[in-house]
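Notes to accompany the following structure.
Below, all heavy atoms of this structure are taken into account, side chains as well, without hydrogens, waters or symmetry copies. Lettering follows sequence order; numbering is per chain, from 1.
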Amino acid sequence: MADDKKLTTRAEDFSAWYNEVVLRAELADYSPVKGSMVIRPNGYGIWERMQRALDDMFKATGHQNAYFPLFIPESFLKKEAQHVEGFAPECAVVTHGGGKELEEPLIVRPTSETIIYHMYAKWVQSYRDLPILMNQWANVVRWEMRTRLFLRTLEFLWQEGHTAHATHDEAEAEALTILKVYRTFAEEWMAMPVLTGLKSDSERFAGALRTYCIEAMMQDRKALQAGTSHNLGQNFAKAFDLKFQTESGEMAHAWNTSWGVSTRLIGGLVMTHGDDNGLVVPPKLAPTEVVIVPIWKADEERVRMTEAAMQLKAELVDWTGRGATDRLRVHVDARQGIKPGAKYYEWELRGVPLRLELGPKDLEKQSVFSARRDTKAKAPIARAGVAESVAKLLETIQHDMFAAAKARREAASVRGVKSYDEFKEIMAGEGAFVYAGWNGDPASEAKVKEETKATIRVIPDAEFRSPTAPSTCLVTGQPAKHEVVWAKAY
RNA sequence: CGGGGCGUAGCGUAGCCCGGUAUCGCGCCUGCUUUGGGAGCAGGAGGUCGCCGGUUCGAAUCCGGCCGCCCCGACCA
């Protein structure tokens, strides 16, 4: 009976734990179509907060939202050679409409580069029309063979930014600006540490010059690609005839970037912070930051305590110390017939960052009793100035969650591996982020993937590299061209 | 599509070998007592046993076919 209520632990079976958390915290549920899922209010609420934070950052960096259609003529996809090769196998194709076979099949967008650059070509004549800085929030479809809730589904929600510039350097700067935005979002909102850097050729986006990424480590030591930002060069501009007249009167192809993050981030959130009691949501992304549980015995007391809880909520919500538009998000759980303990477990499963208990004793002592979700620490908080105390505590939780996640990642990172055999042992065991030299040859990368399932997750930016650069390639012993991070990935 | 497993109430299951109209737990509903870490008692609702066919007086159970799902591999935000 008690076992029924407990989750599978992370140590027992990480995948089973993940699925149980997602289903039981009611983030999502399987839909009748294999490989696709319903995002339920608890999950969508987190996505809405992610959207708002990211959208604000996109706007602040000069981007505007637009919406391009779901259906793309099949011929468009074929215009950029690497792009077709990369995406054709996973495209859903519509062949019939209105009861008739279509003259040209339509593909359901797996990503929107083709339709967007086709339209940009129509809108751009002069250098004066550049840059174009657009983003769209949309669903996309990729016919994956193996699916997992949030991490890989046939259909998912994301944002895709698409920009056009007059020069390579401007496009490059844009790709890096967005990389920075993603990093800031991951660290400050998700409390999820990430490595930033460049993808190796084999992991590069189909049709891009360079792919930058943020890469996170999950608690099972596997890597999760959490966001990508591509410098597309002139590949799509050439394929879609996206040209403009320069200041000096010549015709030139534009330079493009594209970048995206998806609902996969919710999966990353679960696997970064979750524990054996369920989900743990960082305050800034939590639809509910604080849950108040009134405690009572007799019915008379119930009325009194519920009222006190509502007053406490009002006091918290009315507080404007965080700004008039960023009020504390508070819920009172006054349900009858459920014991307080049962409520605690339920809200812990759902990951609410802070619980406040309010009973007759607290009322008497003019305090409330708090319990942190992340550390399980419990302490009374004085009723006077409670809103400010709560807000401060939430900030502390946000910071502590980031620090804890970063410490976990570093503890599971290995530098200075002596031999390829040692590397194989690590990957056959618990796994890790292994920093090592690489000769830059796709063949050595392929060999490692074949033998250990690990891949190059990122060629890290300077700040993430080891103090002393590895001089030789892990696989071949040849001189190293880059330091790279190896790991098994989602 | 290759290898492995499974379809019985909302969820998890027993029954199947050895045919006789379905067991238990959780959840749900009603009432009373409870309520500072997963409440107790009493009563109650809920099932075309994945689908189609066959054998049989009789099929969840035996036989044949089909469908679906999960796990492992090839593809991937």
> Would you call Glu215(A)-Arg183(A) a salt bridge at under 4.0 Å N-O?
Replying inline: no
> What class does the angle between the rings of His118(A) and Phe76(A) fall in, given that below 30° is parallel, 30 to 60° is tilted and above 60° is perpendicular?
Replying inline: tilted
>> Can you identify which nucleotide, out of G36(B), G37(B), U35(B), has its nearest atom closest to the Trp296(A) side chain?
In response: U35(B)
> Does any nucleotide pair with G36(B) by Watson-Crick or G-U wobble geometry, both distances under 3.5 Å, and what is it?
Replying inline: none
> Relative to the ring of Trp347(A), is the ring of His331(A) parallel (under 30°), tilted (30 to 60°) or perpendicular (over 60°)?
Replying inline: tilted
> According to the Watson-Crick and G-U wobble definitions, with both distances under 3.5 Å, which nucleotide is paired to C51(B)?
Replying inline: G65(B)
>> As a test of reading the structure: which of G73(B), G37(B), G36(B) is closest to the side chain of Lys453(A), going by heavy atoms?
In response: G73(B)
> What integer distance in Å separates Glu90(A):CD from C75(B):C1'?
Replying inline: 7 Å
>> How many whole angstroms separate atom OH of Tyr345(A) from atom C1' of G38(B)?
In response: 6 Å
> What distance, rounded to whole Å, do you find between the two C1' atoms, one in C70(B) and one in C32(B)?
Replying inline: 44 Å
> Expressed as a whole number of Å, how far does the P atom of C24(B) sit from that of G46(B)?
Replying inline: 16 Å
> What class does the angle between the rings of Phe14(A) and Trp17(A) fall in, given that below 30° is parallel, 30 to 60° is tilted and above 60° is perpendicular?
Replying inline: tilted
> For Lys343(A), which contact category applies under a 4.0 Å heavy-atom criterion: base, sugar-phosphate, or nothing?
Replying inline: nothing
> With rounding to whole Å, what would you report as the distance between G5(B) and U56(B) at their P atoms?
Replying inline: 32 Å
> Do Asn277(A) and Arg373(A) meet the criterion of a side-chain donor-acceptor pair at a distance under 3.5 Å?
Replying inline: no
> Within a radius of less than 6.0 Å around CD of Glu430(A), do more than 12 heavy atoms belonging to other residues, nucleotides or ligands occur?
Replying inline: no
> Partner of A60(B) by Watson-Crick or G-U wobble geometry, both contacts under 3.5 Å, or none?
Replying inline: none
>> Tell me the interatomic distance from Ile338(A), atom CD1, to C28(B), atom C1', rounded to whole angstroms.
In response: 13 Å
> Can you list the residues that meet the side-chain contact (heavy atoms from CB on, under 4.5 Å) rule with Asp56(A), with sequence neighbours excluded?
Replying inline: Arg52(A)
>> Suppose we define a pair by two distances each less than 3.5 Å, Watson-Crick or G-U wobble; what does C75(B) pair with here?
In response: none
> Could a donor-acceptor pair under 3.5 angstrom be found where the side chain of Glu348(A) meets the base of G38(B)?
Replying inline: no
> Taking atom types as they are modelled, is there a donor-acceptor pair under 3.5 Å from the base of G37(B) to the side chain of Lys376(A)?
Replying inline: no
> Whole-Å distance between C71(B) P and Trp17(A) CH2?
Replying inline: 17 Å
>> Distance check, P atoms only: G47(B) and A9(B), in whole angstrom units.
In response: 10 Å
> Expressed as a whole number of Å, how far does the P atom of U23(B) sit from that of U48(B)?
Replying inline: 15 Å
> For G12(B), which nucleotide is its Watson-Crick or G-U wobble mate, given both distances must be under 3.5 Å?
Replying inline: C24(B)
> Rounded to whole angstroms, how far apart are CD1 on Ile295(A) and P on U34(B)?
Replying inline: 17 Å
>> Regarding Gly260(A), tell me which of base, sugar-phosphate or nothing describes its non-hydrogen contacts under 4.0 Å with the strands shown.
In response: nothing
> Is U30(B) paired to anything, Watson-Crick or G-U wobble with both distances less than 3.5 Å, and if yes, which nucleotide?
Replying inline: A42(B)
> Once you round it to whole Å, what is the distance between C1' of A77(B) and CH2 of Trp158(A)?
Replying inline: 7 Å
> Atom CG of Leu23(A) to atom P of G12(B): distance rounded to whole Å?
Replying inline: 10 Å
>> What contact category does Thr211(A) fall into here, base, sugar-phosphate, or nothing, at under 4.0 angstrom with non-hydrogen atoms?
In response: nothing
> Can you find a side chain N or O atom of Lys339(A) that sits less than 4.0 Å from OP1 or OP2 on G36(B)?
Replying inline: yes
> Given atom CG of Asp333(A) and atom P of G36(B), what is their separation to the nearest angstrom?
Replying inline: 13 Å
